[in-house]
Structure formats: structure tokens, C-alpha cells
K.L.:
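Submitted below is the structure of interest, expressed as C-alpha cells.
Proteins come first, then strands; the chains are lettered A, B, ... in the order of their sequence lines, and each starts at number 1. Side chains are part of it too, since the values below use all heavy atoms of this structure and drop only hydrogens, waters and symmetry mates.
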Amino acid sequence: MSLLGALIIVCGLFFYLAGTVGMLRFPDVYSRLHAVTKADNVGLGLLCLGCGLLFQSWSKAALLLVIWLLAVTAATVGCHLIARNRLQQGDDAE
Amino acid sequence: MTEMLPVLAVFLPMLGGVLVFLLGCGPRNAWSVLTVMLSLTPSLLLVQQVAAVGTVEHHLGGWAPPLGIRLMADGLSALMILLTAVVGGLVSMHALGHFAERANAARNFWVLWPLLWGSLNALFLSADLFNAYVTLELVTLAAIPLVLLAGSAQAVNAALRYLILALFGSMLYLAGVALVYGLIGTLDMQLAAERLSGAGWVLDLAAALMVTGLLVKAAIVPFHLWLPDAHGGAPAPVSALLSALVVKAAVYLLLRLWSGPLFEPLSQPAAAWLLAGLGVAAILYGSVQALRQRRLKLVVAYSTVAQLGYMLLLFPMAGLLAWQGVIYHGVAHGVAKAALFLAAGNILYQLGHDRIVDMRGSGSVLAISFGCFALAGVSIMGLPPSGGFLAKWLLLQGSLQAGAWWLALVILAGGLLAAGYVFRVLRAAFQVPDPDAEEKLPEVRHIGAMMRWPMLLLALTAIGLGFAGEPLLTLLGDVPGRLG
Amino acid sequence: MTLSLFDGLTALLLVILAWRCLVVPDLFRGIVLFVVFGLLLALTWARLDAPDLALAEAAIGAGILGVLLLGTWRALGSPRSGETPASSLSRWLQIASGLGSALLAGLVAWALHLVPGSEGGAGTLAVEELPLPATGQPVTAVLLDFRSYDTLLETAVLLMAVVGSWLARSSLLDAIAGNDATTDTPVVPALVRLFAPVLLVVGAYLVWAGAHSPGGAFQGGAVLAAAGVLMALGRVLGTAPNVGWLLRLLMVLGLLVFISAGLLLMPTEGSFMAYPERWAGLIMHLVEYALALSIALSLLLLFTGAPGLRRLG
Amino acid sequence: MAGLDVYALAAAVLMGLGFHGLVTQPHPLKRLLAVNVFGNGVFLALIVLARRLPDGPDPIPHAMVLTGIVIAVSATAFGLALVRRQAQDRERGDD
């Protein structure tokens with residue numbers, strides 16, 4: 001069980017890494033946002049899942065699930081607002 | 001009852017401020033007057049108690065140091081609390097008249113000033129290094145909004161500059177406290193003084209950080225940059241409080257630390273002479289700047305920069321007379337400076353401006369205001385029979401006793417320069433106007449008794465302090481034990 | 001403490017973030033870097049066995065202060081005028097300042113290396129005396145019992161800061177309002193409806209938890225204030241030109257309860273803020289809830305910058 | 001006192017950086033940030049010292065830092081209100 005948990009955490013970290021690389025390397029705001037929010041949400045989810053397996057406790061797993069849901073919601077709205085703001089201001093400022 | 005007085009001296013004024021915050025000033029300033037009464041009573045009772053029985057202590061929460069915080073009222077604290085009560089009480093009276101036509105400013109003044117009063121008392125009573133940091137911040141954050149009551153863009157700039165520097169100063173002080181706590185694990189000043197001896201260069205560094213922080217807060221040259229704008233730009237009662245009490249608070253803490261935990265590092269010749277050098281620079285620079293100013297309130301503000309310098313001359317002298325002289329100077333300057341700022345404020349109010357060149361001939365019309373200015377000026381110059389004279393006399397004797405004759409020369413030169421800027425103002429005011437420029441004399445606004453009497457009383461007190469040396473120095477008591 | 005990779009990286013990142021935050025010419029970037037610095041600092045507090053501080057830093061230092069900084073940046077003008085002028089100091093003075101700072105840092109680092117720590121001092125006593133006070137959490141015991149005087153005074157600092165920013169007359173919320181891409185979307189009100197209640201519950205929980213685990217009036221109050229900020233941004237709360245008496249009462253409630261508990265019991269207990277043993281727990285809880293309410297409201301009013309609050313639609 | 005403490009080092013460097021920033025940066029908001037960086041260095045130093053107690057971290061520096069954070073944030077918030085007011089005044093002056 002703990003091996004599985006560790007494996008999932010490593011997978012999650014990989015997603016984080018991919019998201020960060022995407023943010024640094026992608027050319028414009030939209031694709032960067034895409035990289036950060038998508039990859040990090042999955043990464044955080046895997047991290048929470050892995051930790052839940054490691055703790056071996058339902059209450060802690062539930063807590064981690066709540067954390068993930070809140071983080072995903074916040075990230076989604078944040079992403080939406082940044083993209084929207086960008087769309088209204090136009091891309092000329094880059 | 002006795003041991004409750006220190007707590008009441010801190011919290012009754014603060015409760016008064018909160019009361020005004022909740023209810024406003026009330027009809028005919030009922031709550032404001034009540035607040036002043038609430039603030040004065042415990043202060044004066046506490047001073048009387050200290051005079052009668054000596055040091056009063058209070059262990060907060062029943063916890064003895066090092067775990068808990070101690071409030072301590074010794075002679076030095078009592079003297080400062082008395083100064084705050086006298087200056088604060090009279091300036092409060094002036095403020096009732098000054099803010100009579102500005103309801104909103106009055107309300108904010110009566111919230112902030114009682115809070116400041118309580119904070120000052122808290123600082124003077126503090127016997128704990130960290131608590132002193134908290135009270136310093138309280139004093140600063142109550143004082144800066146008061147500057148804003150002037151409402152001008154210049155006041156905002158001065159306030160912001162003051163805030164940034166003050167915040168930095170207190171952080172420096174806290175860094176020193178952190179090192180001291182790491183060295184000995186206590187924050188109580190007396191315990192720290194006992195345990196810190198021989199702590200080596202880490203203590204020196206801690207002392208350097210704390211002292212630098214306090215110098216920034218006390219606006220000692222070269223950290224004075226915010227003071228003239230803030231003190232010169234604020235409304236008159238606020239300027240009086242800031243110059244007489246608020247900057248003094250930081251210097252008080254410096255003296256308190258010197259007589260306690262930081263005695264060793266501050267008594268090393270290099271440190272003592274460095275501090276005294278800053279003091280000398282402050283005296284000379286501040287006085288010369290005061291001579292060059294065109295506006296009356298700025299003259300008075302730069303005079304504060306200069307007068308604060310005297311208080312640093314203590315460190316190389318380190319004797320009984322110097323100790324008494326420095327503290328008496330703090331008290332005498334507080335009263336005289338409050339009188340000067342109230343007089344300058346009244347002159348500004350009556351003339352509608354405070355440009356010195358345009359005051360020609362107004363001395364005969366504004367005889368009372370300029371008379372008070374002159375009386376307070378006598379104390380600032382250090383001429384007999386004023387309080388300033390007594391302080392400078394003690395300081396001169398102290399410097400000769402310590403063999404530091406050139407400090408005596410600086411003290412004399414500072415007095416001469418002070419005479420220069422005081423007489424420059426008086427000369428402009430009492431100069432006989434040109435006969436052909438008669439119509440230039442402006443309409444003079446009338447000031448009420450509420451604005452005249454406090455100024456007069458403060459000016460008379462400034463002179464009277466010359467005769468009060470005996471009781472006040474008895475109240476101050478012995479020198480801190482280390483001097484022997 | 002052994003030098004681990006994690007600690008090394010954290011410390012290095014802290015330093016780099018602080019450095020970048022202070023030298024980037026773009027104000028906006030500087031502010032964002034400062035907020036990230038605050039969050040990393042929260043992580044550092046957690047690593048250094050200071051969970052109370054981690055919560056406080058995340059909520060107050062990075063959270064509320066971050067919102068205030070960004071709002072101020074918005075109020076300073078159009079987003080693209082964020083470039084700050086380069087230093088007006090001459091090159092030599094800059095170098096001198098750099099050398100001075102390096103000297104300061106070196107001396108402090110060496111001193112911190114030498115300082116033995118406070119064994120046998122007040123800290124040891126505080127840990128030993130812990131069964132005595134009514135609250136079992138060491139930091140809360142120091143804040144509300146051993147050194148409650150400091151806590152009381154710092155609440156007064158908060159009140160003064162609020163009065164001061166009213167005097168500055170610069171409403172932040174009005175500066176943020178106006179045509180804004182972030183407010184005319186249905187997503188934001190939905191988010192506010194979802195998150196504000198959660199934050200209110202979390203804040204209340206933190207106050208309650210302070211008695212036995214990390215948390216307390218300041219952390220809880222800051223989270224409650226964050227809920228208020230969210231509601232203000234989502235147009236549930238708006239500014240009003242005048243303060244109602246109820247709002248003013250709530251602002252000073254913590255101060256009033258704290259002072260009166262101390263003053264009223266002083267004649268019987270002999271010293272200020274010493275409580276009778278039977279009631280100590282109850283009184284401290286009361287004080288803590290009152291403080292949390294006042295802190296939350298004060299922080300929220302520091303954010304809106306206007307004296308009053310009112311409900312919008 | 002055990003070995004090299006990176007956090008103590010970081011605390012000292014933060015203080016140095018804050019001081020340098022305060023001296024060299026002209027913009028008031030940047031200077032407020034610099035003071036805060038300096039303050040955080042001081043807080044970090046306090047917490048590092050708190051860990052040198054053998055039986056558990058010393059709660060007193062923790063309480064001191066908590067007090068310090070609240071004071072620093074209050075003062076900074078007031079400072080930010082002043083910065084905004086300054087900008088308002090400047091705008092009004094330009095018109």
C-alpha cells in the first residue's frame with residue numbers, strides 16, 4: 001500500500017514538473033494557463049491520493065479530498081479571470 | 001490601590017479614547033473633558049505615590065518575571081509621566097479651542113490623543129524589552145495619524161516618510177532584542193542587566209542594533225529627515241505633543257537601557273563618544289537649520305532636532321550631574337517646546353500665515369503670543385532663571401567634572417545659536433514697521449481664552465522649572481546603581 | 001539540525017525571492033514575488049515547528065497583506081505604469097549601501113551562530129508552568145496569559161492603523177471597482193457564494209481550536225476577514241461613508257472585553273489580567289472570541305479603506 | 001548551537017537585503033516591502049533561536065513573532081493607505 005502511495009506521489013510530481021516546464025516554455029498566456037492549471041490540478045490530485053493511501057485513514061483522506069476540491073475550484077476561477085482579463089485587454093501588451 | 005495605579009495610568013486614557021471612538025465627543029466636548037480627567041487622575045496619583053514611597057511595581061497577570069511582564073514606576077518614569085500629564089493636560093485644553101470649528105478632526109484627535117497618552121504612559125512604565133517594542137509601535141502609530149489631521153498633501157508625504165523610517169527603526173530594535181533573548185532567555189530589563197555582563201561582542205551588536213533603531217525613532221541627525229515636515233506641518237496641538245513627548249519617548253528608552261541592560265556596551269569609550277558626536281552634530285546642524293528657516297513652525301521644528309542632541313551628551317560624561325542634567329533637559333525642553341509650538345500655532349492662526357519676513361510689526365498686536373514665545377525661548381536658550389538654564393548648568397558641571405571641556409563649549413555654542421534663532425523671530429516681530437508700509441498689516445483674528453491660557457501657563461511653567469529643581473530632582477532619585 | 005536538501009533549498013529560495021522582489025523594476029512583479037515570499041515563509045514556519053505562525057503568515061502576512069498590496073497597485077494607476085523609477089542614489093552610494101548591508105548580514109549571521117539559545121530562561125519556565133494556565137497550548141498560553149499585556153496592546157495598534165487609514169481617505173474598494181473584467185462574470189459571485197461560508201466556518205474553527213492546538217484569535221480573525229474581503233470583491237458587501245455604532249462597537253469589542261476583564265477583576269485578584277482559577281478558561285475564551293471579531297472587522301476595514309460597510313443586493 | 005543553520009543564514013541575509021532595499025529604492029511601496037523583508041528576517045532569527053531549547057520549541061519567541069506580524073501588517077496597511085492617498089493627491093495636482 002505504501003509503495004503504491006509513493007508511486008502515485010511520484011506520478012503527481014511528474015505532472016507538476018510538466019506543468020512548470022509548460023509555464024516557462026509555452027509562448028503565450030493562454031497555453032501557459034492551460035499548462036499550469038490542468039497539469040497542476042492533476043498533480044495535486046495524485047499527491048492527495050498518494051498521501052491518503054500513505055496515511056491509511058478515511059478521515060484524513062476525506063480532508064485531502066476537500067483540499068483538492070477547494071484548490072481545483074480556486075484554480076479554475078483564477079484561470080478564468082486571468083484569461084478573461086487578457087482577452088479584454090488584447091494581446092498587444094506583450 | 002497603590003499597585004493598581006500603573007495599570008490605571010495606561011488603560012484609563014485608552015478607555016477614554018475608545019469611549020470617544022464609540023460615542024463621539026459629545027455635546028460641548030463632554031466626553032473629551034471626561035477623557036482628560038480620566039487620564040490626568042491616575043497619572044498624578046501615581047507620581048504622588050512614587051514621590052511618597054519610591055518605586056511602584058505591578059506584576060501583570062500575577063506572573064513574576066522572567067515569565068510575566070512587570071510594570072515599574074521609578075523616579076525617572078514618574079518624572080516622564082508627570083511631564084506627559086502637565087504638557088498633555090494643557091495642550092488638551094488648547095486643542096478644545098483649536099478644533100472647535102472642525103468637528104471631524106476634533107473627533108479623530110480625541111480618539112488618537114488619549115490612546116497616545118496611554119501608550120506613552122505604557123512606554124514609561126515598561127520594564128520589559130519586548131513590551132517596550134510594542135509600546136514604541138503604539139506611540140508611533142498613534143502619533144502618525146495625528147499628523148494627518150492637517151489634511152494637506154505635504155502632511156501625507158511627511159507621515160509616510162515618518163512611518164517607513166519608524167517601522168524600520170522598531171524592527172532594528174527588535175533584532176537587538178532577539179539577540180539579547182537568545183543570549184540570556186529573559187526580556188525583563190532588570191534580570192537582563194544582571195545576566196548580561198561579560199556577554200562579549202554579540203551583546204555589542206545587539207546594543208548597536210537597538211540603539212540605532214531608537215536613534216531613528218528619536219530623529220537624531222542623520223535620521224531627522226522626517227521630523228521638520230511632520231512637526232512643522234501638523235496642527236499646533238499635535239506639533240506640541242510630537243515635539244514635547246513623542247520623540248522624547250524613544251530617547252527615554254535609550255536612557256532606560258543605558259541605566260539597565262545596555263550599560264556595558266554603551267559605556268565603552270568608542271560607543272559613548274560616537275553617540276555624543278551624533279549629539280553634537282544634531283545640536284549644531286539643527287540650530288543652523290533653524291536659523292535659516294523662513295517659516296516660524298519650521299524654526300521651532302528644527303530647534304527640536306537641535307535640542308534632542310543634548311540628551312546624547314550623557315554617555316561620555318556618565319556621572320550623577322550629567323544624568324540629572326540630561327533628564328531635566330528633557331523635561332524643561334518638553335514644556336518649553338510645547339509652549340513654543342502653541343505660540344507659533346496661535347501666531348499662525350491670528351496672522352493667517354507664519355512667514356517670518358511678513359511678521360514685521362505684528363509683535364505689538366500679538367503681544368501675548370510673542371511674549372510667550374519669548375518666555376519659552378528663554379528656556380530653550382538656557383538663560384536664567386528658566387528650567388533650561390538649570391538643565392544646562394547641570395550639564396556644564398557634569399562635563400567639567402568628567403573633564404570633557406569641549407562638550408561644555410558645544411553646550412555654550414548651542415545656547416548662543418538658540419539665542420540666534422529665537423531673537424531672529426522676535427526681531428522680525430517687534431521691528432518698527434516702515435511708515436509707508438502701514439497698510440500691509442493684516443487683519444488679526446482673535447483667539448479665545450482656551451487657546452491663550454494653555455500657552456501662557458506652559459510658558460510660565462518653562463520659566464518656573466528653574467525654581468523646581470529641588471523637588472523634581474528628589475523625585476528622580478538616585479542615579480542608576482551602576483554609576484555608584 | 002542537520003543540513004538537509006529541503007532546508008537548503010527553502011532558505012535559498014527565500015533569499016532569492018526577497019532579492020528579486022526588491023530589485024525588479026516592475027511594481028506588479030515585485031508585489032507578486034512578495035506574496036510568494038510570504039507563502040514560502042509560511043512553509044518555513046511550519047518546517048521550524050511554528051504551526052501557529054505558519055497559519056498567521058498564510059492568512060495575514062501573505063493573504064490579507066497580499067490583497068492590500070495588489071489593491072494598492074491597482075489604485076496607483078493603469079496597470080502598465082507600474083515601473084518604478086530607478087534609484088536616485090549615485091553609484092558609489094549604492095555600492096556603499098550594498099557593502100554595509102553585507103556587513104550587517106555577516107555580523108548577524110555570525111552572532112546567530114554563536115548565540116546559545118535561551119535554555120533555563122523564560123521559555124523553559126513557560127513550558128514547565130504549562131499545566132498552570134487555563135489553556136494548554138503553549139503559544140496561546142503565552143499570548144493570553146503570561147504575556148497577555150502585549151496582546152492587548154497590539155490590538156490597540158490595529159485600531160490605530162484603521163483610524164489612520166480612514167484619515168488618509170483613500171478607499172481601496174472604490175479604486176478597485178469600476179469597469180473590471182473580474183466582476184462582470186457570473187463565476188465570481190458563484191465562487192463567493194461557495195467559498196465565503198467555508199471561510200467563515202474555517203475562521204470560527206481556528207478561533208475555537210486555539211485553546212488546544214495551533215490557531216487562535218489572530219489566525220481565525222484573519223480568515224474571517226478574508227471571507228469579508230471575498231464578499232466585498234464579489235459585491236456582496238459595499239462601502240459606506242459613515243460607520244454605524246454597531247460596527248464601531250464590534251471594532252473595539254476585543255479591546256473593551258480584554259480591558260474590562262482585567263480592570264474589573266483587579267481589586268479581587270490583586271493584579272491586572274489575573275483571573276480566578278475557576279473562571280480563567282471561560283474568560284480567556286470570551287476574550288479570544290471578542291478579539292477575533294474585532295481583528296476580523298479591523299482587517300476588513302483596512303482593506304476597504306472606507307469607514308463603513310453595507311450589504312449590497 | 002549545532003552545526004550550520006541555513007535558516008539563521010537566511011535570516012541574516014534577509015535583514016541585509018531589506019536594509020539595502022530600504023536605502024536604494026525610491027518608491028514608497030517598494031520601501032514598505034523592504035522594511036517587511038527586513039522584519040521577516042528578524043522574525044526568522046527569533047524562530048531559529050526558539051529551536052535551540054532542548055525540550056521543544058520555546059513558545060515565547062513564537063508569541064513575540066505573532067505580535068510582531070500583526071503590528072507589522074497593521075503599520076504596512078496604514079502605509080499603503082498613505083501611498084494611495086499620495087497618488088490621489090498627485091493626480092489631483094496634475095489636473
Side-chain angles (χ1 to χ4, degrees), chain B residues 3-4 6-8 10-12 14-15 17-18 21-23 58-63 65-69 71 108 111-112 115-116 118-119 122 128 130-131 134-135 137-138 141-142 144-145 148-149 151 156 159 163 175 178-179 181-188 200-202 205-206 208-209, chain C residues 104 107-108 110-112 114-126 128-129 132-133 142 144-154 156-161 163-170 243 245 248-249 251-252 255-256 259-260 262-263 266-267 269-275:
Chain B
E3 69 283 350
M4 284 164 66
V7 176
L8 295 179
V10 174
F11 285 111
L12 285 188
M14 285 198 183
L15 270 181
V18 171
F21 180 80
L22 277 177
L23 305 170
H58 186 101
H59 290 180
L60 290 162
W63 299 102
L67 195 52
I69 302 177
L71 291 185
N108 284 312
V111 173
L112 289 166
L115 287 175
L116 176 62
S119 311
D128 181 279
F130 183 73
N131 181 247
V134 178
T135 51
E137 285 299 59
L138 269 173
L141 273 164
I144 299 179
L148 289 181
L149 288 180
V156 173
L163 178 71
L179 287 179
Y181 184 78
L183 280 174
I184 51 167
T186 179
L187 295 165
D188 186 76
W201 74 269
V202 176
L205 178 65
L209 289 170
Chain C
L104 173 74
L107 284 175
V108 171
W110 187 237
L112 284 178
L114 288 182
V115 161
S118 43
E119 197 178 341
T124 317
L125 265 179
E128 278 168 6
E129 297 262 340
L132 274 180
V142 176
L144 286 183
D145 202 348
F146 303 139
R147 298 183 69 87
S148 47
Y149 181 56
D150 283 341
T151 312
L152 173 50
L153 293 182
E154 112 198 45
V157 170
L158 197 56
L159 175 67
M160 292 168 182
V163 175
S165 34
W166 287 350
L167 278 171
R169 272 173 225 295
S170 56
V243 215
W245 67 270
R248 280 201 304 259
L249 180 65
M251 269 185 71
V252 291
L255 213 53
L256 278 179
I259 296 181
S260 32
L263 284 184
M266 193 158 64
E269 295 301 306
S271 60
F272 187 62
M273 292 196 279
Y275 310 126

K.L.:
Name the region of B:L138, side chain, backbone, both or neither, that has any atom closer than 4.5 Å to a heavy atom of chain C.
P.N.:
both
K.L.:
Let me know which of B:L187, B:L67, B:V134 forms a side chain to side chain contact (heavy atoms under 4.5 Å, CB included) with C:R147.
P.N.:
B:L187
K.L.:
Distance only, no hydrogens: is a donor on one side chain within 3.5 Å (strictly under) of an acceptor on the other, for C:W166 and B:N108?
P.N.:
no
K.L.:
Report which part of B:V7 has an atom under 4.5 Å of a heavy atom belonging to chain C: side chain, backbone, both, or neither.
P.N.:
side chain
K.L.:
Nearest 0.5 angstrom please: C:W245 CH2 to B:F21 CZ, how far?
P.N.:
13.5 Å
K.L.:
Taking side chain as everything from C-beta outward and backbone as N, CA, C, O, which of these in B:A178 sits under 4.5 Å from a heavy atom of chain C? Side chain, backbone, both or neither.
P.N.:
neither
K.L.:
If you measure from CD on B:E3 to OG on C:S271, what distance do you get to the nearest 0.5 Å?
P.N.:
9.0 Å
K.L.:
Could you walk me through whether C:L107 and B:W201 pass the side-chain contact (heavy atoms from CB on, under 4.5 Å) check?
P.N.:
CA-CA 10 Å; C:L107 284 175; B:W201 74 269; 4.0 Å; yes
K.L.:
Mind checking what makes ring pair (Phe, Tyr, Trp, His ring centres under 6.0 Å) contact with C:F272, not counting sequence neighbours?
P.N.:
B:F11
K.L.:
At what distance, to the nearest 0.5 angstrom, does CD of C:E154 lie from CG of B:L141?
P.N.:
12.0 Å
K.L.:
Under 4.5 Å from any heavy atom of chain C, what part of B:H59 do you find: side chain, backbone, both or neither?
P.N.:
backbone
K.L.:
Side chain, backbone, both or neither: which part of B:D188 has a heavy atom under 4.5 Å from chain C?
P.N.:
neither
K.L.:
Only counting residues at least two apart or in another chain, list the ones meeting side chain to side chain donor-acceptor pair (under 3.5 Å) with B:N131.
P.N.:
B:S126, C:D150
K.L.:
How many angstroms lie between CG in B:L60 and CG in C:L152, if you round to the nearest 0.5 Å?
P.N.:
9.5 Å
K.L.:
Apply side-chain contact (heavy atoms from CB on, under 4.5 Å) to the pair B:V18 and C:I259, showing each step before the final yes or no.
P.N.:
CA-CA 11 Å; B:V18 171; C:I259 296 181; 5.7 Å; no
K.L.:
Given heavy-atom pairs under 4.5 angstrom as the criterion, report whether the side chain, backbone, both or neither of B:L205 touches chain C.
P.N.:
side chain
K.L.:
So for B:L112, is it side chain, backbone, both, or neither that comes closer than 4.5 Å to the heavy atoms of chain C?
P.N.:
side chain
